[in-house]
Amino acid sequence: MADESEIKEIYENGMKILEDLTNNADELQEQILEEILTRNAGTEYLSRFFPNGQADKQSFKTNVPIVTYEDIKPYIDRIANGEISSILFADPITPFIRSSGTSGGQPKLIPMTAESFEKRKYHLLLSDIVVKKCFSGLDEGKLLLLHFIKPEMGTPSGLVASPYTTFFSKTNTFKNSLAKSSTSPIDTILCLENKQSMYCQLLSGLLQLDKIIVIGSSFASVLARSIKFLEDYWKEFCSNIRTGYLSDWITDHGCRNAMSSILTGPNPELADLIQQICQDISWEGIIKKLWPKIKYIHGIITGSMSQYVSLLEFYGGGIPLVSRSYNSSECSFGINLNPLSKPFDVSYTFLPHTAYFQFLPVNNDCGGKSREFELHGASATESSGIKNETMAVNELELKMKGSNDLPKLDARVMEQCCCIVEESFDFTYKSFRKDGAISALELRVVKHGSFDELMDFYTSKGASISQYKPPCCLKSEEAIKILNSGMVGKFFSPKTVC
């Protein structure tokens, strides 16, 4: 961990540091590659590509192929089973970071070293500097940061494997910085029972609603789930606050102890205020109403998370959505240098000192495949076409405003929605569709709560709520069964292109 003088220097010279990094990206990338080769050329994995011992940068670019996780998985498995980590890394592996498994279908074990963790912390400080340039007074309030953990898994090697959020939440870096400025007591974050953890973290945020200036989590999906949880439990929150007594079903010892220092007695005035806000038939702007001092909402809202943008904008009531950085289990890639950019305009500046990046050429026509950003854009357009004064839309999960009842589905309107989606796709899709290579688009509507069930399924398999990413393509038969069981209607576009 950087000491106080180093942290102060980073904050004081932050923008200059960022400018130097971005202006010298090529040079820094070459330095990173040279360092990697110098330190790791003798490992079993890399040495096989340099039979003459010539591990220079050009030989690397010529001889070492771009690989997937499956290509290095045998080495990782050997390390996890007890072989020395130097078969793959010169530096010792501290823990394994366990990916969610929602992107590729199976969780991955990502080796982490002390140096890679230091770079992640440095990246966190830089993104903090950028955000503080846009918002004043961020040191004068508290943060409602929703973090959740999963149990660590042991490996035969003795190294533990856990999601990055779990690993980070147990470090001194987290406990001495973010945890101190958060409304959530550390023991509520470290609670392994997600429902109890969520309840206590949200209750803590409501008890301190006049102090909160930022609400956030790792992903937008967590924020959406938290709002749904608030919607289901606000009456119970009000009861706890009114009586000063925590619900009996909160049985986790750490949670009960932590909440006893916050829920110190009856507060009927606060309970009445929260009840007055939450009992409104429309929850539009509910976040701003409950936490009036909030300056922004943060969480990754790009990629598969963009489907939650309209939902967060609805509940946020005009509060800026800030996607601060671009991270993965492997490393921190980059930061958003324009935090106030519109959600669909967000771009990230890669930080060239965090890792060595290789970019694959992309065929602009995608080989006839529908591109993800087009699909999300089409879904957003479609959702706006379905909405009316009585209906709320969370992607294609519909409900009546003010209740979870399913609205009546008009076949004509839903068919028009199919047309809206198809009209939003590009020329390539339309040409394949016209020629009959792609059949009519099928739109399936599921009942309210279906995507929560999907999230529960993946978290039950080992993913953490904090790292859950809605899968773009379902391959799991169990996951498909969950959505099919919640289906309340399916509709098709006309046989010809709309």
Side-chain angles (χ1 to χ4, degrees), residues 20-101 103-123 153-162 164 167 326-334 350-363 366-367:
D20 290 342
L21 287 174
T22 52
N23 287 342
N24 300 316
D26 288 345
E27 181 181 338
L28 286 169
Q29 278 284 275
E30 291 297 309
Q31 289 177 8
I32 286 288
L33 178 56
E34 188 170 348
E35 289 174 12
I36 290 172
L37 293 175
T38 300
R39 292 159 65 177
N40 298 281
T43 62
E44 181 181 325
Y45 174 75
L46 270 184
S47 62
R48 64 197 177 104
F49 297 108
F50 307 111
N52 60 359
Q54 185 88 12
D56 57 75
K57 290 181 288 186
Q58 188 54 50
S59 297
F60 170 82
K61 294 175 182 179
T62 302
N63 298 336
V64 180
I66 294 176
V67 297
T68 66
Y69 176 80
E70 292 304 315
D71 295 301
I72 60 171
K73 184 177 183 295
Y75 294 87
I76 293 174
D77 288 344
R78 285 168 58 189
I79 296 170
N81 286 324
E83 290 195 47
I84 57 174
S85 60
S86 59
I87 63 174
L88 189 60
F89 290 97
D91 294 340
I93 294 171
T94 43
F96 285 109
I97 300 303
R98 194 167 186 263
S99 71
S100 66
S103 296
Q106 290 294 328
K108 301 178 178 69
L109 292 182
I110 311 297
M112 174 175 278
T113 65
E115 182 186 34
S116 61
F117 179 55
E118 288 298 319
K119 287 184 177 180
R120 281 180 179 264
K121 292 189 296 186
Y122 190 79
H123 167 274
M153 295 175 55
T155 64
S157 66
L159 295 171
V160 298
S162 68
Y164 181 76
F167 166 77
Y326 178 27
N327 305 299
S328 73
S329 297
E330 290 79 4
C331 75
S332 298
F333 290 105
F350 273 61
L351 296 177
H353 69 298
T354 59
Y356 181 69
F357 300 105
Q358 290 179 286
F359 297 92
L360 294 172
V362 175
N363 186 350
C366 296

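Only this structure's heavy atoms are used, side chains among them; waters, hydrogens and symmetry mates stay out.
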Interatomic spacing from CG in Asn24 to CD in Glu30 - rounded to 0.5 Å: 13.0 Å
Applying salt bridge (charged side-chain N to carboxylate O under 4.0 Å, His left out), run through Glu118 and Lys121 and close with a yes or a no. CA-CA 5 Å; Glu118 288 298 319; Lys121 292 189 296 186; 2.8 Å; yes
List the atom of Pro65, the atom of Asn63, and the distance in Å for their closest heavy-atom pair. CD-O, 3.4 Å
Other residues, nucleotides and ligands only: do more than 12 of their heavy atoms fall within 6.0 Å of CZ on Phe117? yes
Interatomic distance, Lys61 atom NZ to Gln58 atom CD [nearest 0.5 angstrom]: 6.5 Å
Just wondering, do Phe89 and Tyr75 contact through their side chains at under 4.5 Å, heavy atoms? no
Any side-chain heavy-atom pair from Lys119 and Leu351 closer than 4.5 angstrom? no
Of all the heavy-atom pairs spanning Ser99 and Lys108, show the shortest one and how long it is. OG-N, 2.7 Å
Where the side chain of Ser329 meets the backbone of Ile97, is there a donor-acceptor pair that is under 3.5 Å apart? no
More than 12 heavy atoms of other residues, nucleotides or ligands under 6.0 Å from CG of Asn81: yes or no? yes
Is there a side-chain contact between Pro111 and Ile76, using heavy atoms and a 4.5 Å cut-off? yes
Please give me the minimum heavy-atom distance between Met112 and Phe167, naming the atom from each residue. SD-CE2, 3.6 Å
Indicate the atoms forming the closest heavy-atom contact of Ala90 with Arg39, along with that distance. CB-O, 2.9 Å
Distance, nearest 0.5 Å, that separates CD of Glu115 from CD of Glu35: 7.0 Å
Heavy-atom distance under 4.5 Å between the side chains of Tyr164 and Ile110, does that happen here? no
Distance-only polar pair, side chains of Ser328 and Glu330, donor-acceptor under 3.5 Å: yes
Please work out which of the three classes, parallel, tilted or perpendicular, describes the rings of His353 and Tyr122, given edges at 30° and 60°. perpendicular
Do Asp56 and Ser59 get their side chains close enough for a donor-acceptor pair, meaning under 3.5 Å? yes
What one should report as the nearest heavy-atom pair of Ser157 and Phe96 is OG-CE1, 4.5 Å
To the nearest 0.5 Å, how far apart are SG in Cys331 and CZ in Phe357? 4.5 Å
Ring geometry between Phe49 and Tyr45 (parallel below 30°, tilted from 30 to 60°, perpendicular above 60°): perpendicular
Heavy-atom pair of closest approach, residues Ile84 and Ile79: O-CG1, 4.0 Å
side-chain contact (heavy atoms from CB on, under 4.5 Å) partner of Glu34, chosen from Ile32, Ile36, Thr38: Thr38
Any side-chain heavy atom of Leu46 sitting closer than 4.5 Å to one from Leu37? yes
So how far is it from Ile72 CD1 to Leu88 CG, rounded to the nearest 0.5 Å? 6.0 Å
Rounded to the nearest 0.5 angstrom, the OH-CG distance for Tyr69 and Leu109 is 4.5 Å
